[in-house]
Amino acid sequence: MKPRADDRAGEGPAIALRDLAKSYGRVHAVRGITFDVARGEIFGFLGLNGAGKTTTIRMLVDLLRPSRGSATLFGIDCQKQSRQARALVGYMPGELGLYSDMTGIELLDLLAHLSGTRVDTAYRLKLVDTLELPHADLRRSLREYSTGMKRKLGLVQALQADPPLLILDEPTEGLDPLVQQALNEILFELRARGRTIFMSSHVLSEVERLCDRIGMIRNGEIVLLSTVEEARRRGGRMVRVHFARPVERVALPPGMTLVSHTPERWNVRVEREIGDLLPLLATLPVRDLEIVEPALEDVLRSFYREVQP
Amino acid sequence: MSGLLPLVGHSLRRRRGLLAALSLMLIVFQIFMILTARNYEQTGGFRQIAALMPQFMAQWTNMMGASFTGFVLFGYSHPLVQLFLVAMAISISTEPLGEIETKFVDLMMARPIRRTTAINRTLIVLVVATVIAVGSMLVATFGGLRLLAPATARPPQPRVIVSLAANLALLVLAWGGIALAIASCARRRATAGAATGFLAFATFVLDYAGKFWEAVKPISRISPFHYFDPFTMIGGRPLSTTDVAALAMMFAVSAAIAGVVYVWRDL
């Protein structure tokens, strides 16, 4: 029996990109990005359409050749030792190119043969069940599949060999909320077993729910690289102050911004300790205080917006 | 060799309908040629054809259309037969480009298989399909002659039939290799197919012109069709080693170019 893929994983982070760039003539799709993805984490790769997410991903699986720089998977160079690197990956492309005259099971079998590792049929069936893909449908021609069914099949083919690294390009696109939830559970279970998941997405709520760390690419450059918690903190907390009677606007301590206000209510963004605000509030007729944790979506949207002219 | 056999099986499975239809058509065509030749033989039609045939045509074709043997073997050099076989070769050889265009390559090549495996797969499928198609013609010719040839007719020698089939198969393989090389450099399957089709037509005309026009003759050597001369073979010339070597060289060189380009290109 051939060794399982994770037995062959070398040293180093699951993914390491060093000055990775891809140009098409004068068009710079990816402009020298550098970051690591640690083993066993779920990493969200964010960006608007055309930002360079898919180009980066396709360089990781050696479908595209970088113009400069390097990428390694578990210390194995994606270009120089491409086959060894790809043996460690389960990849779901954003755009699934399927032959409509094949059946679902034919596709899974063909790709399992090409994976070079033994595929556990019981595990594959478990995935099929969890993603609510009826067994009978696997015998049907792919031309009869809906978009959602094709996406589910795409996920099964990526996961079926249980590789140490999953690279998923927009994995929840086209899935209904129940299947999205099922997929989340599968990904959490995989992380618990030490698998690394690198997923691109522009669904911010999904990234917030799933990911340990995020990287944001904009115009081919990494503009944010942090844990989800850190990113959320960047947005600052919002403090809503309700007054017992109307108050005049007063100057706020440094690091605090009055986002909106009425005589009865202030919305204050606090980027530092909330304690700095309390001495001021003690002098005012405060009826109630509400501290709202920032949503990651708001923070990330601000990064997205910076790209707009 | 990892991944080669599943890919060959997959590709052949997908083409089995097309291959069966083409083979059936070629079989029917060969049987039709034998039946027509039998009819001419029995009604004295070949004498009329010989009388009507212009001198230059008679010299060029070795009176091919004016004898039972020549007419039966015309099934191996008929432009329609060559057209269908070359079209089959183009269709098979542009498969790697089709996979890039449809993005199936993302599923296939993200697996630990060599890029050359995709090219080797196509070459194997091309050889298998050519053997099946030309083999069907051979079966139809030998079977048809056995069952349908009139007693008065002198049937073609088996050696000549096999030589013609082998030369035709090599011509198809050469075009398959050329199509594969063009497809490896192109971005769209339709573009690669059309470019190869146009090149095949242009070189067919060039070879034809070279037979009658001395000025064009030296240039016509670049045409793969130059190395498939059925009329002289029907006239008794054995399979030329020069023709075999030239077509085999075209196949090998273009396949090698395809392999090198495919390994280096973005998919």
Side-chain angles (χ1 to χ4, degrees), chain A residues 2 5 8 22-24 29 54-55 57-67 76 78-79 81-103 106-117 142 150 153-154 157-158 161 163 165-167 169, chain B residues 1-21 91-92 94-122 124-125 184-190 259-267:
Chain A
K2 290 183 179 178
R8 286 172 278 158
K22 180 68 184 175
S23 303
Y24 300 95
T54 300
T55 302
I57 285 174
R58 296 186 88 238
M59 283 192 278
L60 288 177
V61 285
D62 197 30
L63 293 166
L64 297 179
R65 298 281 157 82
S67 305
I76 300 169
C78 293
Q79 270 71 47
Q81 300 158 282
S82 171
R83 282 177 66 217
Q84 291 94 313
R86 280 181 281 143
L88 306 170
V89 176
Y91 170 51
M92 182 192 179
E95 201 179 326
L96 279 169
L98 305 174
Y99 285 121
S100 57
D101 56 349
M102 293 178 83
T103 65
E106 280 173 354
L107 180 81
L108 292 179
D109 283 345
L110 173 68
L111 297 176
H113 276 120
L114 299 180
S115 292
T117 49
L142 295 181
K150 285 179 185 167
L153 196 67
Q157 64 79 27
L165 172 63
L166 279 162
I167 298 179
D169 196 354
Chain B
M1 296 297 279
S2 168
L4 183 62
L5 286 180
L7 284 178
V8 168
H10 163 68
S11 192
L12 283 174
R13 247 193 320 277
R14 293 198 65 238
R15 295 181 178 281
R16 61 183 185 265
L18 183 74
L19 206 49
S91 162
I92 290 170
T94 52
E95 185 180 23
L97 183 57
E99 286 164 346
I100 294 173
E101 209 174 329
T102 60
K103 304 268 186 203
F104 185 73
V105 77
D106 279 47
L107 294 172
M108 193 173 103
M109 296 308 297
R111 260 75 191 176
I113 57 172
R114 287 191 175 90
R115 286 194 178 192
T116 46
T117 302
I119 296 296
N120 292 339
R121 172 275 320 262
T122 299
I124 291 172
V125 171
S184 294
C185 304
R187 296 174 70 86
R188 296 273 174 267
R189 188 177 196 176
V260 170
V261 173
Y262 194 81
V263 163
W264 286 102
R265 70 171 288 171
D266 285 337
L267 298 180

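Every chain is numbered from 1 and lettered A, B, ... according to where its sequence line falls, protein lines coming before strand lines.
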I need the [X] [atom1] to [Y] [atom2] distance, nearest 0.5 Å.
| X | Y | atom1 | atom2 | result |
| --- | --- | --- | --- | --- |
| B:D106 | A:M92 | CG | CE | 11.5 Å |
| B:L4 | A:L114 | CG | CG | 10.5 Å |
| B:L107 | A:L107 | CG | CG | 6.5 Å |
| A:L110 | B:L7 | CG | CG | 6.0 Å |
| A:Y91 | B:M109 | OH | CE | 13.0 Å |
| B:H10 | A:M102 | NE2 | CE | 4.5 Å |

Considering non-hydrogen atoms only, spot the tightest contact between [X] and [Y] and give its length.
| X | Y | answer |
| --- | --- | --- |
| B:K103 | A:E95 | CE-OE1, 3.7 Å |
| B:E99 | A:Y99 | CG-OH, 3.1 Å |
| A:S115 | B:P112 | O-CG, 3.1 Å |
| B:I113 | A:R86 | O-NH1, 2.9 Å |
| A:L63 | B:V105 | CD2-O, 3.9 Å |
| B:R115 | A:D62 | NH2-O, 2.6 Å |

Report task. Please list, chain by chain and in numerical order, all residues satisfying salt bridge (Lys or Arg N to Asp or Glu O under 4.0 Å) with B:R111, sequence neighbours excluded. Result -> none
Query raised in the report: If you tally heavy-atom pairs under 4.5 Å against chain B, which of A:L111, A:L64, A:I167 wins?
Result: A:L111
Query - Pairs of heavy atoms under 4.5 Å with chain B: top-ranked of A:D101, A:L98, A:V61, A:D109 - result: A:D101
Query raised in the report: Measuring heavy-atom distances to chain A, does B:E101 have an atom under 4.5 Å in its side chain, in its backbone, in both, or in neither?
Result: neither
